[in-house]
Protein chains: 2
Amino acid sequence: MKPKSTSLPPGKKKIVQAMRNLLENRSFETITIAEIAVEAGVTEGLIYKYFKDKRDLLHHVLREHYEIFLNQIDRDLQGIDGALNRLKKIIWSSIERYANHKVFARIILLEVRNSERYFESEAYTLVQKFNTIIIGIIKEGIAQGEIRSDLPPAYIRNAIFGTLEHSCLNRVIFDEPVATSETARFISDLIFNGIKA
Amino acid sequence: MKPKSTSLPPGKKKIVQAMRNLLENRSFETITIAEIAVEAGVTEGLIYKYFKDKRDLLHHVLREHYEIFLNQIDRDLQGIDGALNRLKKIIWSSIERYANHKVFARIILLEVRNSERYFESEAYTLVQKFNTIIIGIIKEGIAQGEIRSDLPPAYIRNAIFGTLEHSCLNRVIFDEPVATSETARFISDLIFNGIKA
DNA sequence: TAATTAAGTAAATAAAATTTACTTACCTGA
DNA sequence: TCAGGTAAGTAAATTTTATTTACTTAATTA
């Protein structure tokens, strides 16, 4: 039985790659369809054959990124036991991703959320999946007595995500370097133990 | 000595008010210059007399908002002693603002950061001022022995801002109600004491 | 092999933002 | 008091981009 995938049309692949290239140096807003077409070596019309519009193309690129990241996370968590240990690893993996993929950090943290449509995209579906994984770990931690039971899991998740994102935001905005392990250690410590002396 | 302010030209005021009105129901991206002109009862050209472009007008509206908010914070903090108490009040005030000004929450959290120019705007200058105030309180707390001294103040600030923002983000995106005091209590508790059982 | 269909092009159209050239009215200082 | 500048404002042209349309070509399949 031969595979049904007849390998994507070359035009589509070139368009996606062109978008990735351009995003390396420029913000989504400033990239024009004309530029994407030139970079890809196709005509503007073809872009609309494969993607609803510019934003749809962005979401496609983003989905690919999240797919890779979720697989990564899955792998990273293997063999790690205990809710706190697992959360710590997730924090580490997330920071490592932001540090190594500045372009995606910029897109995710600053450039994609300003459209309702993002929250209906497949990319966002994957974010929600990640979300569910974290909530699961938190609930498990509460059940096992590792995590306080008097805080709603959603608050804990928001604290983790929020602290993570904000810690990377300044790095992204002002292009400062990120010390992954150190940052992960401080954030985990802070979330786990609080700031009170 | 009479004041030098000869009161703003009526056109400018009408343009700013029109932008505020439109932002109530629509996202920045979808609002057009033509609409702003109609809503303000002026011609499109006049908008460019007073503002560099659409984004500049947004930053102007945002700056006004931050000015009011910073005054509010200043007032809210009066008579409150102790770093933790002051941080708790800041958390409360911030959530209250997001809850009562959903439009600004949306703009601040989702719609304005996707342009480099925001980070050079006067609006952002005020954000940095707020930032400095918080860092000051944290350092004071460390000096007084109320706050752990083994965490860099910037991480603590990021945890506070980040947790705050993320907690409000879902509310903003999916238009859920915000229970200000309850949310403030959970967030303060979480940041101060950590999640470990 | 005729009919479909997918890949792709080229050019037209539409929708916005932005610029330009032009009024008016009102101060203001010699 | 009036010539000249300047701020407020308009109307229309221009530019820039995104998006649509109508068309070709090559491959596929029934």
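Only a predicted model underlies this, so the values are computations on that prediction, with no experimental measurement involved. Proteins get letters first, then strands, A, B, ... in listed order; numbering begins at 1 in each.
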Without decimals, in angstroms, what is the distance between A/K52 NZ and D/dT20 C1'?
13 Å
Residue mapping more 5' on DNA chain D - nearest nucleotide basis, B/Y50 or A/E35
B/Y50
Indicate, with a heavy-atom threshold strictly under 4.0 Å, whether B/I15 touches base, sugar-phosphate, or nothing.
nothing
Classify the nucleic acid contact of A/K54 as base, sugar-phosphate or nothing, counting any heavy atom under 4.0 Å across all strands shown.
sugar-phosphate
Cation-aromatic face contact B/K54/B/F28, 6.0 Å, 45 degrees
yes
Side chains of B/Y98 and B/T180, donor plus acceptor under 3.5 Å
no
Answer yes or no: are there more than 12 heavy-atom neighbours, outside B/E120 itself, under 6.0 Å from its atom CD?
yes
Chain A reaches DNA chain C, atoms under 4.0 Å from its heavy atoms, from C/dA7 to C/dA10
More 5' along DNA chain D: B/G11 or A/E44, using each one's nearest nucleotide?
B/G11
Starting at CG of B/L46 and ending at C1' of D/dA12, how long is that distance when rounded to a whole Å?
15 Å
Whole angstroms only, please: what is the NZ-P distance between A/K49 and D/dT24?
14 Å
Is A/T43 touching bases, backbone alone, or none of the nucleic acid, heavy atoms closer than 4.0 Å?
base
Which part of the nucleic acid does A/I47 contact within heavy-atom distance under 4.0 Å: base, sugar-phosphate only, or nothing?
nothing
Tell me whether the centres of the aromatic rings in A/F130 and A/F69 are closer together than 6.0 Å.
yes
Does A/H59 reach the side chain of A/F51, with side-chain heavy atoms less than 4.5 Å apart?
no
With respect to B/R26, which candidate in B/E111, B/E35, B/E39 satisfies the salt bridge (charged side-chain N to carboxylate O under 4.0 Å, His left out) definition?
B/E35
How long is the line joining OH of A/Y48 and P of D/dA18, in whole Å?
6 Å
